[in-house]
Amino acid sequence: MVLNAMDPHSYANTDQVQVTHMTLDLRLNFEAQTIAGTVTLDLDRRAPKLVLDTDQLIIQAVQDGAGNPLEYTLSPAKAYMGQALYVTLHDQTTQVTIQYTTSPSAGAIQWLSSEITQSHKPFVFTQSQATLARSWIPCMDSPSIKGTYRATIRVPAGLTAVMSAAHKDHDVERGVFTFQMDQPIPSYLIALAVGDLKFASLSDRTGVYAEPGVVDAAAAEFRDAEKMLKAAESLLGPYEWERWDILVLPASFPFGGMENPRITFATPTVIAGDRSLVSLLAHELAHSWSGNLVTNATWNDFWLNEGFTTYIENRIMEQLYGKDLAAMMGLLGQQDLQAAVKSLPAEDTKLKLDLKGRNADDGMSDVAYEKGANMLRLMEQAFGRDAFDIYLKGYFHRYKFKTLTTEDWLSDAKAQLQGNPNDIWERVENWVYQPGIPVDMVRLSSSRFKARTDDAKNWATSGTLPKTDEWVTQEWLHFLRSLPQQLAPEKLADLDRSFGLTHTGNAEIACTWFTLCIANNYTPSYDAVQTFLGTIGRRKFLMPLYEALLANPNTKELADAIYRKSRSNYHSISQASLDKLFSGPIQ
Ligand code: BES
Ligand code: ZN
């Protein structure tokens, strides 16, 4: 079976045919947990066949634009790839319509029963990145192919549908919604969510969608959205997507955020009550340029999306909340990078990846985010911020609505940023193509973090409790990370009594605290750990907590019991990672 020569994660014959537009007409069936309907693909073709990506789709019919049947075959299913759909085109065929139904186990889709949603109404959402769009739309599922789309979505009466597109028309009573995305986007940015959604406006171009019980808290937490958007525009150039809305998903959402164009999808765990986790929104907003406008050509170039975005996220936070906070975030990122490099095989610590034959998801680690961001920080330092900012804006302007490989990026950067101060290009190549953390990583410093390191030492050795009234979330995280990894349960009880950490409403702090508790048999936190794992499906939190539970012989059984009970509430993306951790699905 022939694979795409450019993109190891797609079957699509992108060198012969391009899909320029898709028209979807889909009906959602919550009882059967299926989406059924048609997609019509507009083709720009130079060959008599079309190869698409599919995964667990039932194909009912394939026709050309005039309604004539077209011959088609499906290749056998392959792990991580799904099935290729081969369609033989007629001489004049420039449109293909596929009638299909998704599987209840479609990788992208999570169906939530009314028992576990806030509103007690059903909810469904898709998560297409990296290679899961093919599980709900037969398409060229490669980030190198961009097209526009329109959609008609039919849902049970009373529910609201949103998509990564402009909202055209809706009839809530009949349950019919129409959408239109006029800017070309890759398949991994096509997104749909349906539930009992309320909307709160934040400015004339920003707003928040959430279930009724959540929408007010979300609007309060996200009130800086317009300010963020202005800061991003001042750094990167005009926002090309007209609106920026934020959808708060149920807690099972497997990620912190997903940068679906026009509508960021976000975990409810971003709502800490004090806006202390809004850097996540800055991150997803930054993707409106790095990722959504200028896109990695393959998942081997994933750092182009996430490294740029993490760098920009930090710059936005600096502009809005100051250098101190930005330095603390940068330092936490460097710590994450150290941890990632320690735990990953050397191959996976290069920026340019080689994921051929592997699940694209496997190579996606903090390396792309933090090593990428730190390399850009090094370049900023070498060329000076003014010159680097001009380059940054120009980059997004020159490549908007296009895709790049790492090599395309490097030759463009060399052409635009002239000169070779401090041998920067040799260093950059080292960052891109060699494993590990190069020695020239920019050193960041934060007086507040220095104080927290001392606080941690003092408390561990002499029991002196720190004064924490003025601490921000990042300081808590640094303090907890700076503690000795082995502590007596009584010591942890002392911290817990003083600061109520077990019952913090801040999910980032909770996760770091619980990891420490589990490693040290601090049992009074275990009920809260169970509740956390039973309600939250964000993979970034699930993985370290289950790993800690499994690593401690005293909690291994507890890990099995919690996972057995909670697995069905997690998205397939989190399930897949956890199944590996537990070595096979637990029934
Ligand atoms: N695009 C990513 C999420 C993603 C990555 C989905 C790879 C599928 C495959 C998103 O922008 C992201 O990075 N989310 C982070 C939040 C962020 C603040 C670092 C997350 O979910 O933790
Ligand atoms: Zn991201």
Side-chain angles (χ1 to χ4, degrees), residues 9 80 107-108 110 125-135 141 143 164 185-191 228 232 246-249 251-261 263-270 272 276-296 298-314 316-317 329-330 332-333 335-337 340 348 353 355 358-373 473-474 477 507-508 511 536-544 571-574 576-577:
H9 298 105
Y80 315 133
Q110 189 176 12
F125 67 90
T126 64
Q127 165 60 44
S128 297
Q129 197 183 11
T131 54
L132 300 176
R134 65 193 70 178
S135 74
D141 201 8
S164 54
I185 59 164
S187 54
Y188 79 88
L189 292 176
I190 304 179
M228 260 185 194
I246 299 156
L247 168 70
V248 180
L249 286 120
S252 69
F253 188 59
F255 293 105
M258 178 63 212
E259 66 270 25
N260 297 313
I263 182 159
T264 287
F265 282 22
T267 168
T269 62
V270 68
S276 63
L277 301 177
V278 295
S279 61
L280 187 144
L281 299 182
H283 179 98
E284 303 314 333
L285 174 61
H287 274 305
S288 304
W289 287 264
S290 46
N292 300 3
L293 210 51
V294 178
T295 308
N296 53 210
T298 78
W299 299 119
N300 289 333
D301 308 295
F302 182 56
W303 80 270
L304 280 176
N305 277 16
E306 297 300 343
F308 267 86
T309 296
T310 303
Y311 171 80
I312 296 164
E313 168 195 349
N314 198 268
I316 294 173
M317 294 304 284
M329 287 180 46
L332 290 173
Q335 293 168 11
D336 292 338
L337 177 58
D348 291 350
L353 297 168
L355 298 172
R358 293 169 67 190
N359 188 343
D361 209 47
D362 286 354
M364 297 180 168
S365 71
D366 280 340
V367 170
Y369 292 74
E370 300 298 342
K371 189 173 175 181
T473 298
Q474 289 72 19
L477 295 176
E508 293 279 352
C511 181
I536 292 170
R538 185 174 172 188
R539 183 170 65 174
K540 176 185 162 194
F541 296 147
L542 298 181
M543 295 306 284
H571 187 277
S572 82
I573 291 175
S574 294
S577 300

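We count residues from 1, following the sequence as given. One-based numbering, in listed order, for ligands and for the atoms of each. These numbers come from a predicted model, not from an experiment.
Not less than 6.0 angstrom separates the ring centroid of F265 from the ring centroid of F125.
Inclusion of E259 in the set of residues having an N or O under 3.5 Å from an N or O of ligand 1 is warranted. Looking at ligand 1, you won't find any N or O of D361 less than 3.5 Å from one of its N or O atoms. Below 3.5 Å of separation, one finds no N or O of K540 facing any N or O of ligand 1. For ligand 1, the polar-atom distance check against Q127 finds no nitrogen or oxygen pair separated by under 3.5 Å. By the 3.5 Å distance cut-off applied to N or O atoms, M258 is not counted among the residues near ligand 1.
The closest side-chain donor-acceptor pair between E306 and H283 falls under 3.5 angstrom.
In summary, E284 places no N/O/S atom under 2.8 Å from the Zn ion (ligand 2), failing the contact criterion.
In this structure, OE2 of E306 and NE2 of H283 enclose an angle of 150° at the Zn ion (ligand 2), rounded to 10°.
Looking at S290, A130, G257 and measuring to atom 3 (C) of ligand 1, the nearest heavy atom belongs to G257.
Taking atom 21 (O) of ligand 1 as the reference point, the nearest protein heavy-atom neighbour is G256 N, 2.5 Å. Nearest protein heavy-atom contact of atom 15 (C) of ligand 1 is E284 OE2, 4.1 Å. Among protein heavy atoms, atom 4 (C) of ligand 1 sits closest to Q129 OE1, 3.2 Å.
Distances from ligand 1 to the non-hydrogen atoms of R538 include at least one value under 4.0 Å. Taking a 4.0 Å cut-off on heavy atoms, Y369 registers as neighbouring ligand 1.
Listed by atom number, the atoms of ligand 1 under 4.0 Å from H287 heavy atoms are 11 (O).
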